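Take a look at the structure below.
Each chain gets a letter, A, B and so on, in the order the sequences are listed, and its residues count up from 1. Only a predicted model underlies this, so the values are computations on that prediction, with no experimental measurement involved. Every heavy atom of this structure was used, including side-chain atoms; hydrogens, water molecules and symmetry mates were not.
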Amino acid sequence: MTQLHADDLTLAYERRVVAEDLSVEIPDESFTVIVGPNACGKSTLLRALARLLRPRDGTVYLDGAPISALPPKRLARRLGLLPQSPLTPEGITVADLVARGRYPHQGLLRQWSREDETAVADALAAVGVADLADRVVDELSGGQRQRVWLALVLAQETGVMLLDEPTTYLDIAHQIEVLDLCARLHEEGRTLVAVLHDLNHACRYATHLIAMRGGEVLAAGPPAEIVTADLVERVFGLPCRVVPCPETATPMVVPADRRRARALTADTL
Amino acid sequence: MLPLASRRPEPPAGADGARGAGALRSGRRARLGWIALLTVLLLLTVVASLAIGAEHVAFGRVLPGVFSPDPGSRDELIVHELRLPRTLLGVAVGAALGLAGAVMQALTRNPLAEPGLLGVNGGAALAVVVVIGTVRADDALVYVWAAFVGAAGAAALVYAIGARGRGGASPARLVLAGAAVNAVFSALTAGLMLLSPRSFNGFRFWQVGSLGGREMSILPRVLPFVLAGTVLALLLARPLNALAMGDEAGRALGSRPGRTRALGAVAVVVLCGSATAAAGPIAFLGLAVPFIVRTLAGPDQRLVLPYSLLLAPVLLLGADIVGRVVTPGELETGIVTAFLGAPLFAVMVRRGRTRDL
């Protein structure tokens with residue numbers, strides 16, 4: 001059994017059932033990426049793994065124990081989450097925002113400590129925003145802001161980091177910057193689980209890919225082993241070719257040109 | 001695994017790290033400076049409140065008047081019998097309203113959430129008036145409990161109206177719901193008081209919010225509640241910080257937003273109920289004080305709450321002093337705070353501090 005896994009989850013919002021009998025394993029020290037079409041339940045699964053959504057049935061295990069049995073702060077010292085659109089308190093500085101990642105390590109009797117100080121400074125340095133420490137977060141660019149949020153989760157010092165669409169709303173250069181950073185955090189020994197929209201980014205960065213559709217896992221494994229034109233068609237309903245990426249040799253999904261196909265059909269008529 | 005704690009970055013990365021930490025350290029020094037400054041300011045205001053009033057009192061009589069009044073000295077008796085209780089009441093009521101406003105704004109992530117504007121104080125006042133008109137209690141404690149019930153009911157009502165329909169409780173909708181509910185409450189309060197003028201004789205000034213002319217038996221009655229509400233509110237500073245980044249981010253950090261909201265609501269009801277039972281419905285203080293504090297100190301609730309606690313009595317006593325000297329009669333404190341607070345409210349809305357409005 002891996003450190004983080006979910007057994008037979010039934011995930012549902014008030015009326016709508018998103019997934020039934022859903023089981024996933026997150027390989028230890030992997031960079032796992034969950035992909036799938038909109039509303040396939042990938043973000044819902046991530047929320048269940050982070051205990052933001054209580055499964056109607058089934059259990060999520062962390063280190064062999066059901067996460068629902070852990071006190072919230074103890075869980076938050078082992079598993080961090082960057083939500084899709086967290087709110088930036090108005091006027092907060094970078095250092096102060098990142099310092100809030102220390103919340104689960106503090107308590108009434110254990111206020112700000114040297115360890116907190118070190119963790120925050122290291123997190124700022126790790127994502128390359130130490131020189132922005134005194135800046136107000138609202139004034140930063142989208143890419144810088146996302147790095148600051150990653151630093152907050154880093155300062156939490158958890159072995160597992162869950163990231164809900166960390167690249168959405170960023171331009172391509174900042175997307176790659178954030179993903180490179182994630183890859184480095186993974187190489188340093190953390191388990192990362194991210195929901196991504198871009199299949200090619202997923203193939204390029206993931207060590208383990210989970211492809212979902214309609215609340216079910218259709219395939220899971222290293223991208224090079226599971227990503228085929230057939231799988232992409234089954235998951236997204238998108239005809240495509242899968243070719244090796246000229247840069248990294250990971251699978252690259254090239255959508256079929258349906259306009260040309262249409263034009264050809266029109267010609268032959 | 002988890003190299004962060006042990007992986008001290010080497011220079012030049014180390015220099016960067018030290019800089020980040022330095023920012024946090026210098027922040028803490030500034031913090032103590034502000035606390036000291038605000039405390040001094042509060043002490044000065046207290047002295048001014050003891051020394052300044054409609055009646056001239058020789059300054060040299062103020063200190064003896066506080067600690068050991070000479071029964072033969074009119075000045076010392078004025079200080080001891082009138083101004084000292086009024087000043088203490090002002091400190092308690094101001095602190096309660098400033099803190100309640102700060103907690104409410106943090107809970108709702110809405111800079112316009114304020115116990116006066118949202119009808120909480122109005123609900124407490126209505127409940128007090130209903131109790132006075134019906135049961136004629138002798139013990140002021142009954143009013144205090146009535147105020148708690150009224151404050152809680154008003155808060156629940158405003159939230160229920162403001163959160164209805166699509167989009168939930170946005171800042172604008174909460175304020176509108178609060179204004180509507182507040183208007184109904186003040187109309188009912190005024191109506192009840194007109195029905196039996198005699199039973200409300202001592203409450204005419206209280207209705208608009210006033211530190212003066214109140215029976216001083218109320219102060220020892222509300223003080224324990226103000227203290228309890230203050231302790232509870234201050235304990236919530238860190239959970240409120242976690243809540244500020246959204247419920248999901250807060251829960252991911254191990255906080256419990258539901259519990260924080262419930263405890264925060266209790267603190268607000270206790271603080272506003274106590275303040276209103278003691279001094280009537282005073283508006284704008286809970287709006288203005290946290291706003292000023294956030295402008296000075298940023299969004300960290302560990303600063304916003306204690307600073308609001310210290311600054312609010314300064315402003316309330318200041319307004320009370322202004323009211324004492326500006327007209328021959330005395331202008332009620334609640335009217336002065338409204339005069340000063342309403343323009344600020346307009347400025348806040350115009351500055352777009354609340355993006356949703």
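- A salt bridge does not link Arg294(B) to Glu90(A): none of the charged nitrogens lies less than 4.0 Å from a carboxylate oxygen.
- Across Gly250(B), Pro239(B), Gly298(B), the residue that shares the most heavy-atom pairs under 4.5 angstrom with chain A is Pro239(B).
- The structure places CG of Asp300(B) at 9.0 Å from OG1 of Thr93(A), a figure rounded to the nearest 0.5 Å.
- Of all non-hydrogen atoms in Arg251(B) and Arg51(A), the two that sit nearest each other are NH2-O, 2.9 Å.
- Formation of a donor-acceptor pair under 3.5 Å by the Gln156(A) side chain with backbone atoms of Ala252(B) is found in this model.
- Of the two parts of Gln106(A), the backbone and the side chain both hold a non-hydrogen atom closer than 4.5 Å to a non-hydrogen atom of chain B.
- Counting heavy-atom pairs closer than 4.5 Å to chain B, the top-ranked of the candidates Gly80(A), Gly91(A), Gly128(A), Pro104(A) is Pro104(A).
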Please tabulate, one pair per line, all N/O donor-acceptor pairs under 3.5 Å involving side-chain atoms of residues 176-184 of chain A, not counting sequence neighbours.
| unit_1 | atom_1 | unit_2 | atom_2 | d |
| --- | --- | --- | --- | --- |
| Glu177(A) | OE2 | Arg147(A) | NE | 2.7 |
| Glu177(A) | OE2 | Arg147(A) | NH2 | 3.4 |
| Asp180(A) | OD1 | Tyr205(A) | OH | 2.7 |
| Arg184(A) | NH2 | Ala126(A) | O | 2.4 |

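- Using a 4.5 Å cut-off on side-chain heavy atoms (C-beta onward), Pro86(A) and Glu248(B) make no contact.
- Considering every non-hydrogen atom in both Ala244(B) and Pro89(A), the closest pair reads CB-CG, 4.0 Å.
- Using a 4.5 Å cut-off on side-chain heavy atoms (C-beta onward), Met245(B) and Tyr103(A) make no contact.
- With a 4.5 Å cut-off on non-hydrogen atoms, Leu75(A) does not touch chain B at all.
- At least one donor-acceptor pair closer than 3.5 Å links the side chain of Arg100(A) to the backbone N or O of Asn241(B).
- Put simply, the side chain of Leu87(A) reaches to within 4.5 Å of the side chain of Arg109(B), judged on heavy atoms.
- Leu82(A) does not touch chain B: none of its heavy atoms, backbone or side chain, sits under 4.5 Å away.
- For the residue pair Lys73(A) and Gly254(B), the shortest heavy atom distance occurs at CG-O, 3.6 Å.
- The distance from atom CG of Asp247(B) to atom CG of Leu52(A), rounded to the nearest 0.5 Å, is 9.5 Å.
- Residues Leu253(B) and Leu81(A) have side chains not in contact (no heavy-atom distance under 4.5 Å, counting atoms from C-beta outward).
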